[in-house]
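Predicted model, so just to flag it, every value in this text is computed and none were measured. Along the sequence shown, the residues carry numbers beginning at 1. Numbering of ligands and ligand atoms starts at 1, following listing order.
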Amino acid sequence: MCGIVGVVAPGLEAARLAALGLFALQHRGQESAGVAVSDGEAVMVYKDLGMVAQVLDERRLPSLRGQLAIAHCRYSTTGSTRWENSQPTFRLGPRRAVAIGHNGNLVNTRELLARLPGGQRRLTGSSDTELLTALLAEVPGDDLVDALCRLLPEVSGAYALVVMDERRVIGVRDPHGFRPLVLGRLPAGAFDADAPTGPVEDPDEPGLWAGYSAVDERAPHASGGWVLASETAALDVLGAEYVRDVEPGELVVLGEQGGPRSVRFAPGEEQLCVFELIYFARPDSYMLGRNLYEARRRMGEALAEEAPADADIVMPVPDTGAPAAAGYAERSGIPYREGMVKNRYAGRTFIQPSQQLRQRGVNVKLSPLREQIRGKRLVVVDDSIVRGTTTKQIVALLRRAGAREVHLRVSAPPVFHPCFYGIDTQIETELIASRLDLEGIRRHVGADSLAYLSIGGVLGALQLPRERFCFACFDGRYPVPVPYDVASHKFVLEDGVPGGPLAGVR
Ligand code: SF4
């Protein structure tokens, strides 16, 4: 995952806008946050480990001046969680100064490392993004856009990027468009005191997926600036209008006269990560014209048709299972209830209970609503089962709260294969669906029945063709060849890890 934002905003504090947009993308990464800003003369970077609001607070933002900014929040897929791996990465190279925010994961990291003169000694961290930044800073030629067009065809894997030098912000999507990136426009006067707040919906476009119409980026009226973001939810918080998606294989150059400039560096064939639509992205975001709450609600409807259950109530695993649970309840006619409360502050870094407390069933994230559960036959809707550990704990928690039956329904197909394109799913042997059949998983998690939504069910809910998506963690058809030694991939640039940095390259 990771969230990225780019802002060009003449006359405004771009760092503040970028930080605000990033705050709307906090769900995409909680390990570190940072911003790079330029006043047209020099690039300055501030970043640290922690959440967006902790890192980019009121003490720091006023000193980050300039009308160009990029911002990033991190969820690690290559390189461990340490300051050196936080982003934006920055490099003052012999050819240029460049900062990068990256969402995705490269799959030819070792080959790229072999191209860096001096190899790993030139890197302070161990992320694929730092390596990319170091390579980009050295590509011959004066122009950053030309340098990207020369370097990117050599780069393999998933990358949605915001790239910045002193004068421009550039949005990039890899030729498959695994990760999302949208372009938005700040209306002129958007931050005047009497400006309307929030996006304006188009009442003339009713229909299945209405409610998020695009503005024409070439429209002649004045613009207050431009925004790039991983999700439309970040445009909404800034009051920016959605213009379009950055296309796979495209660079969108901001900061030049005459508005955004499109440069194609490779032919594009979109295969957006379907997990973004099933689970990762915010439900108020739009992707491929689909509102994600509505898409997930329809997945729940499809699940009710594919896998009905005889039960008293339908409840979600909070929070992300809620839209599909609502759809399941509507289609099945079984009443919807909340049955668990999630502690919203139990993030990845929150203190975990000791093994002894875990064995006693202490769950810091979820608490049961016993009155809703006791004596009932439950349909419990979740959006995925990866290792099965959490699911098993949830079923046990519901049984302790008095559930009579627990019928587990998952609004995604089984995850059989690891992801190499920016989602930190486990190695294959840790994925429960790759080890056990359906009945084995049901017994392992302790449910009375278990069913997953089919790939056809997902596509039916989205009403889009399969070719538009990557489904590799479900069907093993990887659009880009995946790396050699799976087990060490995350730490491919890390010292002391078996299969880590290539001895010959260092
Ligand atoms: Fe998304 Fe799965 Fe493809 Fe990874 S392998 S990009 S998680 S669909």
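We find that R185 and E241 are joined by a salt bridge, their nearest charged nitrogen and carboxylate oxygen being less than 4.0 Å apart. Under 4.0 Å is where a charged nitrogen must lie from a carboxylate oxygen, and between E276 and R179 at least one such pair does. A salt bridge links R244 with E250: the closest approach of a Lys/Arg side-chain nitrogen to an acidic carboxylate oxygen falls below 4.0 angstrom.
Residue R179 approaches ligand 1 through these ligand atoms, each under 4.0 Å from one of its heavy atoms: 6 (S). The ligand atoms of ligand 1 that sit less than 4.0 angstrom from a heavy atom of Y421 are 6 (S). Taking every non-hydrogen atom of I423 and a distance limit under 4.0 Å, the qualifying atoms of ligand 1 come out as 7 (S).
Residue C473 does not count as close to atom 3 (Fe) of ligand 1, with no N, O or S atom under 2.8 Å. Because the distance cut-off is set at 2.8 Å, C273 qualifies as a neighbour of atom 1 (Fe) of ligand 1 through one of its N, O or S atoms.
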Item to complete: For the pair L136 and V163, evaluate side-chain contact (heavy atoms from CB on, under 4.5 Å) and give the outcome as yes or no after the intermediate values.
Response: CA-CA 10 Å; L136 184 60; V163 183; 4.0 Å; yes
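By the 6.0 Å and 45° rule, R466 stacks over the aromatic ring of F471.
Compare A158, C419, A472 by their heavy atoms: the one nearest to atom 4 (Fe) of ligand 1 is in C419.
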